[in-house]
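Worksheet for the structure shown next.
In this text the structure is predicted, and so the values were computed from the model without any measurement. Within every chain, numbering begins at 1; the chains are lettered A, B, ... in the order of the sequence lines, protein sequences first and strands thereafter.
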There are 2 protein chains.
Amino acid sequence: MTINQATDYALRAVLYLARQPQGEVTEAQVISEQEVIPIRFLLKIMPSLIKAGIVKSFRGVGGGYVLAKAPGEISFLDVVEAVEGPVALNRCLIDYAFCSKKGAPNCQIHQALADVQAKLKAELQGHNFAEFIN
Amino acid sequence: MTINQATDYALRAVLYLARQPQGEVTEAQVISEQEVIPIRFLLKIMPSLIKAGIVKSFRGVGGGYVLAKAPGEISFLDVVEAVEGPVALNRCLIDYAFCSKKGAPNCQIHQALADVQAKLKAELQGHNFAEFIN
DNA sequence: TCTAAAGTATACTAGATGGGTAAACAATAG
DNA sequence: CTATTGTTTACCCATCTAGTATACTTTAGA
């Protein structure tokens, strides 16, 4: 039921970038030190944020990362799903094949969990990174 | 971010018991067959529901399980926490010691996750097993 | 054009968790 | 007493977690 460590680090990395002057490129080393994230691990996580369109990167001397959108347009859900894939409270909610009852006609547990999951996603979507800036 | 298989089975087992005539003892074998749960695994999960006061058991000939409370008094949260322990979106929300920043003064990620977690728990508590009966 | 400084890709690993099985035990109805 | 039912403990293997290592690519600037 918990987000993993990589996601926790990703949220902190995005928040750190959101706090920098707009357009300023920050290198991995700095994020790593400020947010206390093992640099190798951080460097492995960043590409998933890039693929999701949350950050942009620049290579070579003077390279680093910048947000690809305004902080207000990046939700917690965006970051969580970028790192972990789709939020699913139960494997069945991704594919009935995972269910030992094969989603037997209207499994009511399934329906209730789908409801809770929708609320959870809405909550995660309700938090964006603008809310943390001054 | 997902509940585990044991919890899924537990929810189905409790639902099955909730649908039986009040006070009727159902043996593990029957729950296992009807809900398509490996019996050995089910037998291992049930004690956690007993410790949580959700079901009662009877040993020996004619033994089995019964709900220990009315279905309306058992929430999804009760079952989830009985099997998995406290719901926590992030390890830091259980203990700051897990945080690489040691919960550095008012980590805002922490605060936002705590908010989402509270909403999630409320949603899980909002579903009980009476809603599925007739 | 060379080089040092950045990020990228891929592979590896120790330990924990997940999902289950097995075996020996304890209680109880008849 | 015995067959039937749940309990406890131990074990197992595959996958995931969190992280490290190595080799590579890109690029600014001397």
A:Ile45 CD1 to D:dG19 C1': how many Å, rounded?
-> 10 Å

Consider the side chain of A:Leu43, meaning its heavy atoms from C-beta on, and name the nucleotide among D:dT5, C:dG20, C:dT8 that approaches it most closely.
-> C:dT8

Less than 6.0 Å separating the ring centroids of A:Tyr65 and A:Phe58?
-> no

The nucleotide from C:dT8, C:dA23, D:dT27 with an atom nearest the side chain of A:Val61 is D:dT27

How far does CZ of B:Arg40 sit from OG of B:Ser32, to the nearest 0.5 angstrom?
-> 11.0 Å

For A:Glu27 and C:dA4, what is the distance between atoms CD and P respectively, to the nearest whole Å?
-> 17 Å

Would you check if there is a donor-acceptor pair between the side chains of A:Thr7 and A:Glu84 at a distance under 3.5 Å?
-> yes

Where along residues 46-60 of chain A does a heavy atom come under 4.0 Å from DNA chain D, residue by residue in number order?
-> A:Arg59, A:Gly60

Between P of C:dG7 and CD1 of A:Ile39, the distance in whole Å = 7 Å

Hey, could you give me the CD1/OH distance between B:Ile31 and B:Tyr9, rounded to the nearest 0.5 Å?
-> 14.0 Å

Would you indicate which nucleotide in D:dG6, C:dT21, D:dT20 comes nearest to any side-chain atom of B:Tyr65?
-> D:dG6

Kindly work out whether a path of hydrophobic side-chain contacts (I/L/V/M/F/W/Y, heavy atoms less than 4.5 Å apart) joins A:Ile50 to A:Ile39.
-> yes

Between A:Asn4 and B:Gly64, name the one whose nearest nucleotide on DNA chain D is closer to the 5' end.
-> B:Gly64

Mind checking the CD-CD spacing from B:Glu33 to B:Glu27? Nearest 0.5 Å is all I need.
-> 8.5 Å

Atom CZ of A:Arg91 and atom OG1 of B:Thr2: how far apart are they, to the nearest 0.5 Å?
-> 7.5 Å

Listed nucleotide nearest any side-chain atom of B:Arg40, set C:dG20, C:dA22, D:dA18 | C:dA22

Nucleotide nearest A:Tyr9 when distance is taken to its side chain, options D:dG19, D:dT20, C:dT21 = D:dG19

Using whole Å, report how far CZ of A:Phe41 lies from P of D:dA21.
-> 14 Å

Nearest-Å distance for atom pair CD/P, residues A:Gln5 and C:dA16 = 15 Å

